[in-house]
Engineer: 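Below is the structure I would like to discuss, written out as structure tokens.
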Amino acid sequence: MSNKRCPMTTSAGAPVANDNQSRTAGARGPVTFDNHYLFEKLAHFNRERIPERVVHARGSAAYGTFTLTKSLSDYTVADFLQEPGQQTDIFLRFSTVGGGQDSSDYARDPRGFALKFYTDRGNWDIVGNNTPVFFLRDGIKFPDFIHSQKKNPRTNLPDPQAIYEFWANNPQSLHQSTILMSDRGIPLSYRHVNGYSSHTLSLWNEKGERFWVKWHFKTNQGIKTLTNEEAATRPAFGAQQDLVESIDKGEFPSWTVNVQIMTEEEAKNYRINPFDVTKVWPHSDYPLIEVGQLELNRNVDNFFAENEQAAFAPSNVVPGVGVSPDRMLQARLLAYQDAHRYRIGANYNQIPVNAPRCPVHNYQRDGAFAGITPSIAGSGANFYPNNRGDNGAPAEVPDVQEPPMALEHDAWLDIYDNRDDDNFSQAGDLFCMMSEDQKNQLVNNIADGLSQCTLDVQQAMFEQYDSAHEYYGKRVRQEVLNRLG
Ligand code: NDP
Ligand code: HEM
């Protein structure tokens, strides 16, 4: 054995004499109860898994930098958005949505684009997708939607009837399902996707003005996609391999970062509800403004510690950045931290990949694995307010209070049904933009699933495609009928 090796130890640090044999009562006899090292090994092994994410379970992540190229100081006090040239460390995790941890990288599925900015005033997360819109505009339907898109609870097989039955009953999904069934539905690799905040977020400046903002990350590698047939020939881990190998080779993938910005005043009268995540802001109304570059340049060292334990949350905002009244986003402000506490534990933000790169001081105490961040387990005061200012006890920072947000005039607390808020125009706009080849791919991909559904579901979907565009409806109807012979 090389004498450069370090000594093997138990998890408590004691040197291990033998890692190959258990202690036994005689050469052919049973294992004895004093094999605590064997028991430690097996017990730890039994605990190697944590629950996989309920959605976006399969993913790949890397570290990198965000470089600001245009100051956003007119819009925000956020300290990392002030001077062109400023750099902020980031962590970006790509994912598929519906499959489990061992599913394929090449599913026809949105790709998650979850981005953590380690700013000097805390972590800011944009937990977006590679699509500018989403299937729903109210979080109350999210569990139903996900149930319908995952495998059948009895057969554990893909279930086109459930997928389309949900969409037939929720026409608000049409815009996003048109993107999903288009050529963009299966990206060639994670390097070849755009990322979007999808939701409208906000920025606020020192005058107390708020601006509504959508973030767009446009791939510098170009959009590249696969057909169903091409995807079927790829190994399940292809996108993970592509990301790791390109970064290891020094071919760092990058994205051009753009924003669309709307004032609060404009939002009041905009013809489209700016907080409806099933819709985009057309570029002709709100052109993209280029503000930076994002680059991935370092792979994770340990997939489990960094990728599996990564915890992104739309509620992670920093001074100068805020959310919006988008109903879906509001639901997500609760859902993610709850998921992390269940999946990882109460102190998930102390794990290195999630830990802020700035000091953390608060009065939260204890819980499993408390103390990974020493200042939080500190010996100082564990209550607030207190009289310990001279000892450096943390105090509130009132100047980071977000400006107040006006509510609609005379608003009533009630149930407001927004299910019919123009579900079709933008799906139609997208269809019209497509080349004939893209339209062919779209209708073929739709017909693959829809032709396996019941007549009532087919009929309801035909009517939705008709409402988006007459030719869209006609083409899908023809293709489904062709399949049915
Ligand atoms: P524009 O012509 O100004 O923009 C069209 C956008 O569509 C481009 O950003 C292009 O971006 C993107 N695109 C092209 N093909 C597809 C596809 N198959 N799936 C998804 N995106 C695609 O038009 P508008 O701004 O008026 O929007 C028209 C339609 O374009 C919308 O209804 C929406 O479906 C789609 N779109 C709009 C976006 C927006 O923020 N306004 C963003 C993305 C899509 P690129 O090739 O760089 O991805
Ligand atoms: C992951 C819930 C909508 C993007 C998750 C997770 C949950 C969740 C519970 C797993 C979190 C974890 O265990 O770490 C919801 C709910 C939604 C919603 C309740 C609607 C109300 C959306 C939307 C987007 C999105 C609209 C994109 C625009 C993502 C991404 C991840 C994720 C990218 C993976 C994050 C990672 O890489 O760790 N979601 N989601 N979700 N969600 Fe959502």
Side-chain angles (χ1 to χ4, degrees), residues 50-61 91-97 110-116 125-143 145-146 174-176 178-185 192-199 214-219 222-223 225 255-256 258-260 272 277-288 307-314 326-344 348 353-354 424-435 438-439 441-442 468:
I50 57 174
E52 65 177 28
R53 293 168 177 84
V54 63
V55 280
H56 297 263
R58 183 171 179 83
S60 305
F91 183 66
L92 174 56
R93 181 172 181 271
F94 306 94
S95 47
T96 52
V97 182
R111 296 299 184 268
F113 194 96
L115 186 53
K116 192 180 286 296
D125 295 353
I126 293 185
V127 196
N129 279 335
N130 70 329
T131 56
V133 293
F134 196 71
F135 298 91
L136 302 170
R137 57 173 78 100
D138 192 321
I140 202 163
K141 287 286 96 196
F142 187 77
F145 166 65
I146 295 296
L174 189 69
H175 191 187
Q176 170 81 321
T178 300
I179 297 177
L180 181 63
M181 292 299 152
S182 80
D183 52 320
R184 301 263 173 124
H192 296 95
V193 298
N194 290 341
Y196 302 90
S197 63
S198 315
H199 297 285
K214 282 187 185 281
W215 292 80
H216 301 245
F217 303 85
K218 296 263 197 171
T219 170
I223 296 277
T225 59
W255 285 260
T256 299
N258 303 277
V259 289
Q260 287 176 294
I272 298 166
V277 69
T278 69
K279 297 192 177 68
V280 296
W281 300 351
H283 293 136
S284 49
D285 292 349
Y286 289 93
L288 296 185
N307 194 332
E308 294 309 289
Q309 296 197 113
F312 297 89
D326 176 332
R327 286 189 198 186
M328 281 287 286
L329 178 58
Q330 299 275 322
R332 297 179 72 200
L333 298 179
L334 287 172
Y336 287 70
Q337 290 178 319
D338 179 53
H340 303 146
R341 290 182 195 109
Y342 162 69
R343 195 167 67 77
I344 312 171
Y348 65 91
V353 66
N354 302 321
F424 306 114
S425 305
Q426 294 197 347
D429 294 345
L430 179 60
F431 180 78
C432 292
M433 264 172 33
M434 291 183 187
S435 66
Q438 288 174 311
K439 287 184 175 118
Q441 290 193 46
L442 172 72

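Order of listing sets the numbers, starting from 1, for every ligand and every atom in it.
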Engineer: Closest by any non-hydrogen atom to atom 24 (C) of ligand 2: pick that one out of Arg327, Arg341, Gln337, Arg332.
Structural biologist: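 Nearest heavy atom to atom 24 (C) of ligand 2 lies in Arg332.
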Engineer: Is ligand 2 under 4.0 Å from a heavy atom in the side chain of Tyr196, in the backbone, in both, or in neither?
Structural biologist: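 Tyr196 to ligand 2: no contact under 4.0 Å from either part.
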Engineer: Quick one: nearest non-hydrogen protein atom to atom 29 (C) of ligand 2, plus distance?
Structural biologist: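 For atom 29 (C) of ligand 2, the nearest protein heavy atom comes out as His56 NE2, 3.2 Å.
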Engineer: What part of Asp183, side chain from CB on, backbone N/CA/C/O, both or neither, has a heavy atom under 4.0 Å from ligand 1?
Structural biologist: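 Side chain only.
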Engineer: Does one side chain, of Arg58 or Thr96, offer a donor that lies under 3.5 Å from an acceptor on the other?
Structural biologist: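 Side chains of Arg58 and Thr96: no pair found under 3.5 Å.
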Engineer: Identify, for atom 42 (N) of ligand 2, the protein heavy atom at the shortest distance, and state residue, atom and that distance.
Structural biologist: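 In this structure, atom 42 (N) of ligand 2 has Tyr336 OH, 2.7 Å as its nearest protein heavy atom.
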Engineer: With a cutoff of 4.0 Å, is Val277 in contact with ligand 2, counting heavy atoms of the residue only?
Structural biologist: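 Distance cut 4.0 Å: Val277 fails for ligand 2.
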Engineer: Check each of Leu174, Val133, Ile179, Leu442 against Leu430 using the side chain to side chain contact (heavy atoms under 4.5 Å, CB included) test, and report the only one that passes.
Structural biologist: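 For Leu430, the side chain to side chain contact (heavy atoms under 4.5 Å, CB included) check succeeds only for Ile179.
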Engineer: Does an N or O from Lys218, backbone or side chain, lie closer than 3.5 Å to an N or O of ligand 1?
Structural biologist: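 N/O-N/O distance below 3.5 Å exists for this pair.
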Engineer: Under 30°, 30 to 60°, or over 60°: which ring-plane class applies to Phe94 and Trp255, parallel, tilted or perpendicular?
Structural biologist: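 The arrangement is tilted - the two ring planes meet at 30° to 60°.
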Engineer: To check your reading of the model: name the closest protein heavy atom to atom 43 (C) of ligand 1, its residue, and the distance in Å.
Structural biologist: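 In this structure, atom 43 (C) of ligand 1 has Pro132 CG, 3.4 Å as its nearest protein heavy atom.
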Engineer: Below 4.0 angstrom from a heavy atom of Gly112, which ligand 2 atoms are there? Numbered from 1 as shown, please.
Structural biologist: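 Those of ligand 2 that fall under 4.0 Å from Gly112 are 33 (C).
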Engineer: Looking only at protein heavy atoms, which one is nearest to atom 29 (C) of ligand 1, and how far off is it?
Structural biologist: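 Sorting protein heavy atoms by distance from atom 29 (C) of ligand 1 puts Met433 SD, 3.7 Å first.
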Engineer: Which ligand 2 atoms are under 4.0 Å away from a heavy-atom of His199?
Structural biologist: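 Those qualifying, in numeric order: 26 (C).
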Engineer: Got the closest protein heavy atom to atom 34 (O) of ligand 1, with its distance?
Structural biologist: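 That would be His175 NE2, 2.6 Å.
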Engineer: Note the single closest protein heavy atom to atom 41 (N) of ligand 1, along with its residue, its atom name and the distance in Å.
Structural biologist: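 The answer is Trp281 O, 3.0 Å.
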Engineer: Among the heavy atoms of Gly128, does any lie under 4.0 Å from an atom of ligand 2?
Structural biologist: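 Yes, that is the case, since the closest heavy atom of the residue is under 4.0 Å from the ligand.
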Engineer: Using a strict 4.0 Å cut-off to heavy atoms of Val54, name the atoms of ligand 2 that fall inside it.
Structural biologist: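 So the answer, numbered in order with elements, is 9 (C).
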Engineer: Please state which part of Arg343 comes within less than 4.0 Å of ligand 2, counting heavy atoms only: side chain, backbone, both or neither.
Structural biologist: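 For Arg343, only side-chain atoms sit under 4.0 Å from ligand 2.
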Engineer: Could you find the nearest protein heavy atom to atom 27 (C) of ligand 2 and give me its residue, atom name and distance?
Structural biologist: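 Nearest protein contact, heavy atoms only, for atom 27 (C) of ligand 2 is Asn129 ND2, 3.2 Å.
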Engineer: Looking only at distances, can you tell me whether any N or O atom of Asp429, backbone or side chain, sits closer than 3.5 Å to an N or O atom of ligand 1?
Structural biologist: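 Not met; the criterion fails.
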Engineer: Could you identify the single nearest non-hydrogen protein atom to atom 6 (C) of ligand 2 and state the distance to 0.1 Å?
Structural biologist: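 Of every protein heavy atom, Val55 CG2, 3.5 Å lies nearest to atom 6 (C) of ligand 2.
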Engineer: Starting from atom 19 (N) of ligand 1, find the nearest protein heavy-atom neighbour and note its residue, name and distance.
Structural biologist: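 Of every protein heavy atom, Arg184 CG, 3.5 Å lies nearest to atom 19 (N) of ligand 1.
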Engineer: At a non-hydrogen distance cut-off of under 4.0 Å, which region of His283 contacts ligand 1 (side chain, backbone, both, or neither)?
Structural biologist: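 The answer is both, backbone and side chain.
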Engineer: Could you tell me how the ring of Tyr336 sits relative to the ring of His340: parallel (under 30°), tilted (30 to 60°) or perpendicular (over 60°)?
Structural biologist: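 It falls in the perpendicular class, over 60°.
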Engineer: Evaluating non-hydrogen atoms only, which member of Met328, Arg53, Arg137 is closest to atom 20 (C) of ligand 2?
Structural biologist: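 Heavy atom nearest to atom 20 (C) of ligand 2 belongs to Met328.
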Engineer: Asn194 heavy atoms, cut-off 4.0 Å: which ligand 1 atoms fall inside?
Structural biologist: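 This gives 45 (P), 47 (O), 48 (O) as the contact atoms.
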Engineer: How far is atom 21 (C) of ligand 2 from its nearest protein heavy atom, and which residue and atom name does that atom have?
Structural biologist: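 The closest one turns out to be Gly139 CA, 3.5 Å.
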Engineer: Any idea which protein heavy atom is nearest atom 28 (C) of ligand 2, and the distance to it?
Structural biologist: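 The closest heavy atom on the protein side is Ser198 OG, 3.4 Å.
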Engineer: What I want to check is whether the side chains of His56 and Arg93 have a donor and an acceptor closer together than 3.5 Å.
Structural biologist: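 Checked: His56/Arg93 side chains show no N/O donor-acceptor pair below 3.5 Å.
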Engineer: Within less than 4.0 angstrom of ligand 1, does Lys214 place any heavy atom?
Structural biologist: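 No, that is not the case, since the closest heavy atom of the residue is not under 4.0 Å from the ligand.
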Engineer: Could you tell me the residue and atom name of the protein heavy atom closest to atom 35 (C) of ligand 2, and the distance to it rounded to 0.1 Å?
Structural biologist: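 It is Ala114 CB, 3.9 Å.
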Engineer: Considering only protein heavy atoms, which is closest to atom 19 (C) of ligand 2, and at what distance to one decimal place?
Structural biologist: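 For atom 19 (C) of ligand 2, the nearest protein heavy atom comes out as Phe142 CD2, 3.4 Å.
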Engineer: Can you check side chain to side chain contact (heavy atoms under 4.5 Å, CB included) on Tyr348 and Gln337, steps first, answer last?
Structural biologist: CA-CA 9 Å; Tyr348 65 91; Gln337 290 178 319; 3.3 Å; yes
Engineer: Relative to the heavy atoms of Ala335, which atoms of ligand 2 are at a distance of less than 4.0 Å?
Structural biologist: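 So the atoms of ligand 2 that pass are 19 (C).
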